Amino acid sequence: MAMIEVKHLRLITAIEKTGSLSKAAQSLFLTQSALSQQLRQLEESVGTPLFKRTHKQLHFTAAGKLFREKASQILSDFSVLEEELDAIRQTEAATYIHGYSIAEAQRLQDQASTVADFIHWDSDWPSGESVLEIGCGVGAQTSIIASRNPETHFTSVDISKASLEIAQQKIASLQLPNVNFQVADVEALPYSDASFDHVFVCFLLEHLSKPALALQELQRVLKPGGSITVVEGDHGSTFFYPDQAVARKAVAAQVKLQRKNGGNANIGRELYPLLAKTGFQDIRVSPRQIYVDDHKPALQEGFIRHTFTAMIEGIAEDAVAEKVISTQEMQEGIDALLQTAESGGTFSYTFFKAKAWK
């Protein structure tokens, strides 16, 4: 049997809806002869008639009815698939350079657990109050803050439905009942003014072309006197030994690629002015430095190999495609970064955590 194509499924549903070949042809922008030929090829392919023709009318045979039913179901599923893939493409093109692959999802989980003690030792909110988490992604940070604050109510949102599905599975596996998820765009949130007691943002602003607009929208949904907590990295704070030029070039490639996509990998240093410009008060910024050497083997593995270098590896293909670095230079740079996790190597990186009030 020859392969049944999507055009055949659409042909059958069009005939069902219109009731005739001529009208079906018009709806599909085909000539009637072209449609008749496709129908003939389809019937030859399945080996049985799909219609009975009586008095210039088409009537579905038993095989035709089965085909019609399955075609409708498959096209519906196909439409949903197209919408979800399109949402991912739009998100990646507009805001992210990190992908939504299984490997990237795992890297984000590894990163969250590795840096949790540095970032989240003071991520606490009062019991009974509400926190809006923006850009929750696959729930890597969500699982940590929700576990630390079991009596606080979290609304965690992301623009990617695919990421939220992973996040929901993660939170369900941890049996955390204090988190609700919703698809939402940070620049146009579906909430009324002053809806939340607090806002939490982690590793999102670096991906946005207009972070100030996002902060303005977050201020709108924040209650008077409410707090905002923002955590971002800064690739300009990366220092390591052995200090090889190829390693620095690989890091620079990630910074350049993110800039080409409208983001800013060095945004950590800008948190204070960004929050001040958007009207937040009593801004407090705390650098969170991670330093690694032989005395910290867990960080050699968790941070150097599986967080930072894994991130550089994750953008390698795109960086080469955008001609910000060559394939050879990128591979040599990754190898050099991994050498900093070997005996005698050192690595230092600084995250910035800011807290401010409305």
Side-chain angles (χ1 to χ4, degrees), residues 91 95-96 98 100 105 108-109 111-113 115-116 118-208 211 213-223 226-233 267-268 271 274-275 278 280 288 351-358:
T91 302
T95 57
Y96 285 92
H98 304 318
Y100 292 97
L108 292 172
Q109 301 287 1
Q111 172 183 268
S113 60
V115 304
F118 297 87
I119 291 176
H120 292 302
W121 59 265
D122 57 349
S123 295
D124 302 308
W125 295 274
S127 298
E129 297 195 354
S130 59
V131 177
L132 174 64
E133 181 194 10
I134 294 293
C136 69
V138 296
Q141 307 298 327
T142 313
S143 60
I144 297 172
I145 60 176
S147 297
R148 285 182 57 90
N149 299 269
E151 303 301 322
T152 304
H153 306 293
F154 292 90
T155 298
S156 299
V157 306
D158 198 273
I159 198 171
S160 167
K161 183 178 179 181
S163 290
L164 285 180
E165 289 176 352
I166 298 174
Q168 288 174 315
Q169 293 172 7
K170 172 77 172 179
I171 296 304
S173 70
L174 296 173
Q175 298 182 331
L176 295 172
N178 57 332
V179 184
N180 292 315
F181 292 98
Q182 185 172 358
V183 176
D185 182 349
V186 66
E187 294 183 0
L189 294 169
Y191 308 115
S192 57
D193 295 354
S195 294
F196 297 92
D197 297 305
H198 309 279
V199 171
F200 176 73
V201 187
C202 190
F203 306 145
L204 173 68
L205 299 185
E206 64 173 305
H207 302 294
L208 304 180
L213 288 180
L215 290 173
Q216 289 173 0
E217 179 68 352
L218 294 176
Q219 189 182 65
R220 180 186 69 78
V221 301
L222 186 61
K223 294 178 180 178
S227 72
I228 182 171
T229 301
V230 185
V231 180
E232 295 290 345
I267 201 169
L271 291 186
L274 276 171
L275 289 164
T278 47
F280 286 97
R288 308 291 172 98
F351 294 98
F352 291 85
K353 185 172 186 176
K355 189 169 184 178
W357 283 261
K358 179 176 178 178

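Count residues from 1 along the sequence. Remember, predicted model here, so these are calculated numbers, not experimental data.
Sorted by first then second residue, the ring pair (Phe, Tyr, Trp, His ring centres under 6.0 Å) pairs that include residues 143-193, not counting sequence neighbours, are Trp125-Phe154, Tyr191-Phe196.
Heavy-atom minimum distance, Glu151 versus Ser127: CB-OG, 3.3 Å. Nearest heavy-atom pair across Ala146 and Val179 is CB-CG2, 3.6 Å. Summarising the geometry of Gln182 relative to Pro190, their closest heavy-atom pair is NE2-CG, 3.7 Å, with the distance given to 0.1 Å. Among all heavy-atom pairs drawn from Ser143 and Ala140, the shortest one is OG-O, 3.1 Å. Taking both residues in full, the closest heavy atoms of Asp158 and Gly137 are given as OD2-N, 2.8 Å, listed atom of the first, atom of the second, then distance. In plain terms, the two heavy atoms of Ile119 and Arg288 that are nearest each other are O-NH1, 3.4 Å.
Looking at Thr278 and Gln219, their side chains never bring a donor and an acceptor atom within 3.5 Å of each other. Between the side chains of Ser123 and Lys353, at least one donor N or O lies within less than 3.5 Å of an accepting N or O. Under the 3.5 Å distance criterion, with hydrogens and angles disregarded, no donor-acceptor pair is assigned to the side chains of Asn180 and Thr155.
Here the side chains of Leu222 and Leu132 are not in contact, with every heavy-atom distance at 4.5 Å or above. Looking at heavy atoms from C-beta onward, Leu271 lies in side-chain contact with Leu205 at the 4.5 angstrom threshold. Looking at heavy atoms from C-beta onward, Thr142 lies out of side-chain contact with Leu176 at the 4.5 angstrom threshold. Within the 4.5 Å cutoff, no side-chain heavy atoms of Ile228 are placed close to those of Lys358. No side-chain heavy atom of Leu274 sits less than 4.5 Å from a side-chain heavy atom of Val230.
The line from CG of Leu164 to CD1 of Ile171 is 11.0 Å long, rounded to the nearest 0.5 Å. Annotation: the span from Glu165 atom CD to Ser160 atom OG amounts to 8.5 Å, rounded to 0.5 Å. Once rounded to the nearest 0.5 Å, the distance linking CZ of Arg220 with CG of Asp193 reads 5.0 Å. The line from NE2 of His198 to OG of Ser130 is 7.0 Å long, rounded to the nearest 0.5 Å.
Remark: the backbone N or O of Pro126 is paired with a side-chain donor or acceptor of Thr152 at under 3.5 angstrom. Side chain of Glu232 to backbone of Leu204: a donor-acceptor contact under 3.5 angstrom is found. Panel note: side chain Asp185, backbone Ile159; no donor-acceptor pair is recorded below 3.5 Å. Under a 3.5 Å cut-off, the side chain of Arg148 and the backbone N or O of Trp121 do form a donor-acceptor pair. Between the side chain of Glu187 and the main chain of Leu213, no donor-acceptor pair closer than 3.5 Å is present. Remark: the backbone N or O of Gly139 is not paired with any side-chain donor or acceptor of Lys170 at under 3.5 angstrom.
Across Ser163, Ser156, Cys202, a single residue satisfies side-chain contact (heavy atoms from CB on, under 4.5 Å) together with Cys136, and that is Ser156.
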